[in-house]
Amino acid sequence: MTMPVGDLPLWVVLIVSALLLIGSGLTLLGAIGLLRLPTFYERIHAPTLGTSWGIGAIMLASIVYFSVAGSRPVLHEILIGIFVTLTTPVTLILLARAALHRDRAEGNPSVPDDGAQPGER
């Protein structure tokens, strides 16, 4: 049985509130970066950092709250953190490589070349 929210100790409420504010603030910064940054390559970077660190703080808040409210350690949220930590960078890399391939195929002059010497291709 879980403890009512009104019966939680003050230190738990403060820690959970701080972690939720930090996590939501980082996620908001990532969303703002997605809207404000000028190029696609810059835009995909901001949300990945915001969601990774933001979900970490929200996950810690959930662990603290449900561990204290349930009077037992609750650690299954770590699986969510592992999933997000593994999938977010992979998604970033795949999106960036697809966009880079598309831009090179279109002959976009602002895209850097692959770094290979002309005789090595």
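Quick note: residue numbers are just sequence positions, from 1.
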Undergrad: If you link ILVMFWY side chains whenever their heavy atoms are less than 4.5 Å apart, which other residues fall into the same cluster as Leu94? By chain and number, please.
TA: Val90
Undergrad: Please list, chain by chain and in numerical order, all residues satisfying side-chain contact (heavy atoms from CB on, under 4.5 Å) with Ala61, sequence neighbours excluded.
TA: Val16, Leu19, Leu20
Undergrad: Any side-chain heavy atom of Val68 sitting closer than 4.5 Å to one from Trp11?
TA: yes
Undergrad: Apart from Leu14 itself, which Ile, Leu, Val, Met, Phe, Trp or Tyr residues share its cluster (side-chain heavy atoms under 4.5 Å, direct or through members)?
TA: Leu10
Undergrad: Indicate, with yes or no, if Leu92 and Leu34 share a hydrophobic cluster defined by side-chain heavy-atom contacts under 4.5 Å among Ile, Leu, Val, Met, Phe, Trp and Tyr.
TA: no
Undergrad: Same cluster or not: are Val13 and Val64 linked, directly or through other Ile, Leu, Val, Met, Phe, Trp or Tyr residues, by side-chain heavy atoms under 4.5 angstrom apart?
TA: yes
Undergrad: Output all residues satisfying side-chain contact (heavy atoms from CB on, under 4.5 Å) with Leu21, sequence neighbours left out; order by chain, then residue number.
TA: none
Undergrad: Could you list who else is in Ile63's hydrophobic cluster, with ILVMFWY side chains joined at under 4.5 Å, directly or through other members?
TA: Met59, Leu75, Ile78, Ile82, Leu86
Undergrad: Nearest 0.5 angstrom please: Ile22 CD1 to Thr27 OG1, how far?
TA: 11.5 Å
Undergrad: Determine whether Ile58 and Val84 fall in the same hydrophobic cluster, where Ile, Leu, Val, Met, Phe, Trp and Tyr are linked whenever their side-chain heavy atoms lie under 4.5 Å apart.
TA: no
Undergrad: What residues, two or more places apart in sequence or in another chain, satisfy side-chain contact (heavy atoms from CB on, under 4.5 Å) together with Ser24?
TA: none
Undergrad: According to a 4.5 Å side-chain heavy-atom criterion applied to Ile, Leu, Val, Met, Phe, Trp and Tyr, with indirect links allowed, do Ile55 and Ile44 form part of one hydrophobic cluster?
TA: no
Undergrad: For the backbone of Pro38 and the side chain of Arg43, can you confirm whether one donor and one acceptor N or O come within less than 3.5 Å of each other?
TA: yes
Undergrad: Looking at His45, is its backbone amide N or carbonyl O close enough to the side chain of Thr48 to form a donor-acceptor pair, meaning the two atoms are under 3.5 Å apart?
TA: yes
Undergrad: Mind checking what makes side-chain contact (heavy atoms from CB on, under 4.5 Å) contact with Ala99, not counting sequence neighbours?
TA: Phe40, Tyr41, Arg102
Undergrad: Name all residues meeting the side-chain hydrogen bond (donor to acceptor under 3.5 Å, both in side chains) criterion together with Ser62; count only those two or more places apart in sequence or in a different chain, and write none if there are none.
TA: Glu77
Undergrad: Taking ILVMFWY side chains as joined if any heavy atoms are under 4.5 angstrom apart, and letting links pass through other members, which residues group with Ile32?
TA: Leu28
Undergrad: Please, which pairs that meet side chain to side chain donor-acceptor pair (under 3.5 Å) have at least one residue in residues 83-101, sequence neighbours excluded?
TA: none
Undergrad: Assigning hydrophobic clusters by single linkage (Ile, Leu, Val, Met, Phe, Trp, Tyr; side-chain heavy-atom cutoff under 4.5 Å), is Tyr65 placed with Ile15?
TA: yes
